[in-house]
2 protein chains.
Amino acid sequence: MTIDNTKELPPEEARTRILNAAQTLFAAHGFNATTTKAIAEAAGVPGGLIFYYFPSKKALLASVLKERNVLIELSTVVETLRVSDPRTALMTLAVHYIESLRQHRELTAILLREFLSHREIAEQFHALREEHVALIASSIQKLLQGKCTSPAQQIQARARTFLYNLIVIGIIEEPPAPPHFIEEMVDILLGGLQLSVNA
Amino acid sequence: MTIDNTKELPPEEARTRILNAAQTLFAAHGFNATTTKAIAEAAGVPGGLIFYYFPSKKALLASVLKERNVLIELSTVVETLRVSDPRTALMTLAVHYIESLRQHRELTAILLREFLSHREIAEQFHALREEHVALIASSIQKLLQGKCTSPAQQIQARARTFLYNLIVIGIIEEPPAPPHFIEEMVDILLGGLQLSVNA
DNA sequence: GTCTATATGATGATAGAC
DNA sequence: GTCTATCATCATATAGAC
């Protein structure tokens, strides 16, 4: 029987604590405004130890973004759609997606902050967006199977409109807007489709 | 005959050059990553002069945001709607709004970067959003006068969906998405309304 | 109002003891 | 692997000559 090294908090894993602290502080104050000293203090380790695990502060940021990846979890949200009624399904998707964004607020904040200056991050952000548009579009298409005759491009546009709204709601909007806006938005998206709603 | 002091580049207005340089550099690299020295160099003035005109670097940022205000210009875009056909009007509004956002890319970049950490800026951003939702909603309502019987709240939701899409398209989306997406989005927004389109 | 020179403090990173 | 002490650099901001 081999030892499982993937526990949540391996006894003295200073590296993990540094990553956690960096993630929190980068998100709260931005990359440049966060000092390595502050990270070390928050992590409860001496300042020098950071540079034992990471060659530079920038490499630390890269590790945070790489090892704590938002992409995967957000994508799985889309997969959880096993409801027959399109309206309910889209509502579920929206709520879960926004919740997921809010749960990863720290990472999305980093993305939002740094994509403007770091080309690499911008491309990651862009790829993520397009991937999700495609995922949502195919989800909608499945949901409407047989119930609707709209062309594929219309569905894609709806998926994009949907996602863009979720992005603003989940990342930028603060405080949260009118309570029933999400519901209304879903209705708008489904409004133009020739649905045979009679479940 | 008095002298007009509101020319584009008043003979030696170092202050203006400092503001210009600060705006550009803050937008390109963020507030913290931009040094006052870099601003001075870009403006072609000695480093010390910045602190003659502005008490601190942060005050300089505040001045940039206050004196180069996006709010006004963006609001006027909405006013330019004097077309009878709703679809054409919304298309015009969308295109102009996005163009305006792109023209003020530097300022929107600063807003996007700093609203996460500076409470003041966040509130400014939020107020701007809500003001524009209201403006767009009332524009749509005027456009649909007599042609539609949808309740006010539905119109508001449409306006918000519209604006949120414009925000992502104008500020975040890069490179620009599928060419006809804006058109498709407008169609989606108008899709659910009981229009008597027969112009 | 403009410019030079510089104070003062903090930052990322290193060297080396344990 | 962990920690202390410290270096070299560069930041914002000031003092004061012109």
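Chain naming here is simple, since letters A, B, ... match the order of the sequence lines and numbering starts at 1 in each. What's counted below: heavy atoms across the whole structure, side chains too, no hydrogens, waters or symmetry copies.
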To the nearest Å, how far apart are B:K58 NZ and D:dT12 P?
14 Å
When you get a sec, tell me which of C:dG1, D:dG1, D:dT12 is the closest nucleotide to the side chain of A:Y53?
D:dG1
Spacing between B:L61 atom CG and D:dA13 atom P, to the nearest angstrom
12 Å
Side chain of A:F51 (C-beta onward), nearest among D:dC3, C:dG12, D:dT2:
C:dG12
Among B:F125, B:Y164, B:F162, B:Y97, which residue meets the ring pair (Phe, Tyr, Trp, His ring centres under 6.0 Å) test with B:H132?
B:Y97
B:E174/B:R102 salt bridge by N-O under 4.0 Å criterion:
no
Determine whether the side chains of B:R68 and B:N20 contain a donor N or O and an acceptor N or O closer than 3.5 Å.
yes
Distance (rounded to the nearest 0.5 Å) between B:N165 CG and B:I182 CD1:
9.5 Å
Please tell me whether A:R113 and B:S117 have a donor and an acceptor in their side chains that are separated by less than 3.5 angstrom.
yes
Find the distance A:Y52:OH to D:dT2:C1' and express it as a whole number of Å.
9 Å
Could you check how far CD of A:E41 sits from P of D:dC3, rounded to whole Å?
14 Å
Atom-pair distance (CG on B:L25; C1' on D:dA11), nearest Å:
15 Å
If you check every side-chain atom of A:T35, which of C:dT11, C:dC3, D:dT12 has the closest atom?
C:dT11
From the options C:dC3, D:dT12, D:dT2, select the nucleotide whose nearest atom is closest to the side chain of A:L49.
D:dT2
What is the separation between atom CD on A:E13 and atom C1' on D:dT2, rounded to the nearest whole Å?
13 Å
Return yes if a side-chain donor-acceptor contact under 3.5 Å exists between B:E184 and A:Q153, otherwise no.
yes
Let me know the distance between CD1 of B:I18 and C1' of D:dT12, rounded to the nearest Å.
15 Å
Which helical stems does DNA chain D take part in, if a stem means at least 3 consecutive Watson-Crick or G-U pairs with both distances below 3.5 Å?
C:1-18 with D:1-18
Measuring from the side chain of B:P46 (C-beta onward, heavy atoms only), which nucleotide among D:dT4, C:dC3, C:dA13 has the closest atom?
C:dC3
Could you tell me how far apart B:R15 (CZ) and C:dT2 (P) are, to the nearest whole angstrom?
12 Å
Measure the CD1-CD distance between B:I136 and B:Q156 for me, rounded to the nearest 0.5 Å.
10.5 Å
Looking at A:K37, does any N or O in its side chain come under 4.0 Å of the phosphate oxygens OP1/OP2 on C:dT11?
no
